[in-house]
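Remember, it's a predicted structure, so these values are computed and weren't measured experimentally.
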Amino acid sequence: MKRSRIDPDTDDIRLIKMVAAENESAFEALYNKYAHTVQTFISLRISDDEDASEVFADTWLGCWRSSKTFRADSKVLTWILSIARRQIYMKRRKPKLPDQMDQAELDSITDDQLEPVELVSKDLTMEIIRQRIDALPAEMAYTVTLAWLHELPYTEIASLLDVPVGTVKSRIARARQILRPQLTDLAQVKTQKLQSQR
């Protein structure tokens, strides 16, 4: 079932409205929730640590200053990463990454094949799943994190990462190919251990 409209997280919207009212505690809560995601987004695009730190600080300053302009037509994380993206482009532009799948492969992928439901097994903790995702190549891991853990739509991810939607699908499809057997094996091992303890 496809969503006709983006449904931003209500807790994030509550926080950003409080930030707009200059509530520092709300800003701290938002920062604590997304600082790592924002830092990763920036560090994947800027190799110089000093420049990356400056962009990171400017992003959160921009979030504080621009919070009154948030219109709730996207997720709050998408909006924050859009600020980061603008800050990165002010520093330097990086070339677009080439799509790693040919068009025939992309045409064979449908959105419902890319959902993470099969990967998230009740037998595996989120910590294990995150570890496996983090072990993927950096851009693939970040794309998967935005899609599966933060549930951003592919179009928003493509816009934020400055790549075609096909590249997003390609990365997620390849991640699924890598992770499915790993997580299936882990789930089976855990199930066997539990059964042997009974």
Go through the structure and list residues passing side-chain contact (heavy atoms from CB on, under 4.5 Å) with [X], not counting sequence neighbours.
X	answer
T40	H36, L44, Y142
A29	L15
K68	A20, E22
E54	D58, K91

How many angstroms lie between [atom1] in [X] and [atom2] in [Y], if you round to the nearest 0.5 Å?
X	Y	atom1	atom2	answer
Q87	L61	CD	CG	8.0 Å
K75	I13	NZ	CD1	10.0 Å
F27	I16	CZ	CD1	8.5 Å
E151	L149	CD	CG	8.5 Å
R14	N23	CZ	CG	9.5 Å

Does the side chain of L161 come within less than 4.5 Å of R45's, by heavy atoms?
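SC-SC contact between R45 and L161 confirmed.
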With side chains defined as the heavy atoms from C-beta onward, is the minimum distance between D11 and K33 less than 4.5 Å?
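SC-SC contact between D11 and K33 confirmed.
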Please find the pair of heavy atoms, one from [X] and one from [Y], that lie closest to each other, and give the distance.
X	Y	result
F41	L160	CZ-O, 3.3 Å
I133	W148	CD1-CE3, 4.3 Å
A52	I42	O-CG2, 3.7 Å
Y154	V168	CD2-CG1, 3.8 Å

What's the verdict on side chain to side chain contact (heavy atoms under 4.5 Å, CB included) for Y34 and D12, showing C-alpha distance, side-chain angles and the deciding distance?
CA-CA 10 Å; Y34 291 128; D12 283 357; 2.4 Å; yes
What verdict does the side chain to side chain contact (heavy atoms under 4.5 Å, CB included) test give for R171 and V163, after you've listed the backbone C-alpha separation in whole Å, the side-chain angles of each residue and the deciding distance to 0.1 Å?
CA-CA 11 Å; R171 290 176 185 168; V163 297; 4.0 Å; yes
Kindly write out the residues that satisfy side chain to side chain donor-acceptor pair (under 3.5 Å) with T59, not counting sequence neighbours, or none if the list is empty.
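Here no residue qualifies.
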For T37, give me all partners under side chain to side chain donor-acceptor pair (under 3.5 Å), at least two apart in sequence or on another chain.
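By the side chain to side chain donor-acceptor pair (under 3.5 Å) rule, T37 matches H150.
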Run the side chain to side chain contact (heavy atoms under 4.5 Å, CB included) check on M140 and I178 step by step: do they pass?
CA-CA 11 Å; M140 185 187 294; I178 294 167; 4.1 Å; yes
[X] (side chain) donor-acceptor with [Y] (main chain) under 3.5 angstrom:
X	Y	answer
N32	E28	yes
T145	A141	yes
S66	C63	no

Using salt bridge (charged side-chain N to carboxylate O under 4.0 Å, His left out) as the criterion, list what pairs up with R86, not counting sequence neighbours.
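If we apply the salt bridge (charged side-chain N to carboxylate O under 4.0 Å, His left out) test to R86, skipping adjacent residues, there are no hits.
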What's the verdict on side chain to side chain contact (heavy atoms under 4.5 Å, CB included) for E24 and W64, showing C-alpha distance, side-chain angles and the deciding distance?
CA-CA 9 Å; E24 292 182 12; W64 175 263; 3.9 Å; yes
Validation: residues 76-85 side-chain donor-acceptor distances under 3.5 Å, sequence neighbours left out:
{"unit_1": "T78", "atom_1": "OG1", "unit_2": "E156", "atom_2": "OE1", "d": "2.3"}
{"unit_1": "S82", "atom_1": "OG", "unit_2": "T78", "atom_2": "O", "d": "2.9"}
{"unit_1": "R85", "atom_1": "NE", "unit_2": "S159", "atom_2": "O", "d": "3.2"}
{"unit_1": "R85", "atom_1": "NH1", "unit_2": "S159", "atom_2": "O", "d": "2.7"}
{"unit_1": "R85", "atom_1": "NH2", "unit_2": "S159", "atom_2": "O", "d": "3.3"}
{"unit_1": "R85", "atom_1": "NH2", "unit_2": "D162", "atom_2": "OD1", "d": "3.3"}

If you count the non-hydrogen atoms of other residues, nucleotides and ligands that lie under 6.0 Å from NZ in K17, is the total more than 12?
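No, the 6.0 Å shell around NZ holds no more than 12 heavy atoms from other groups.
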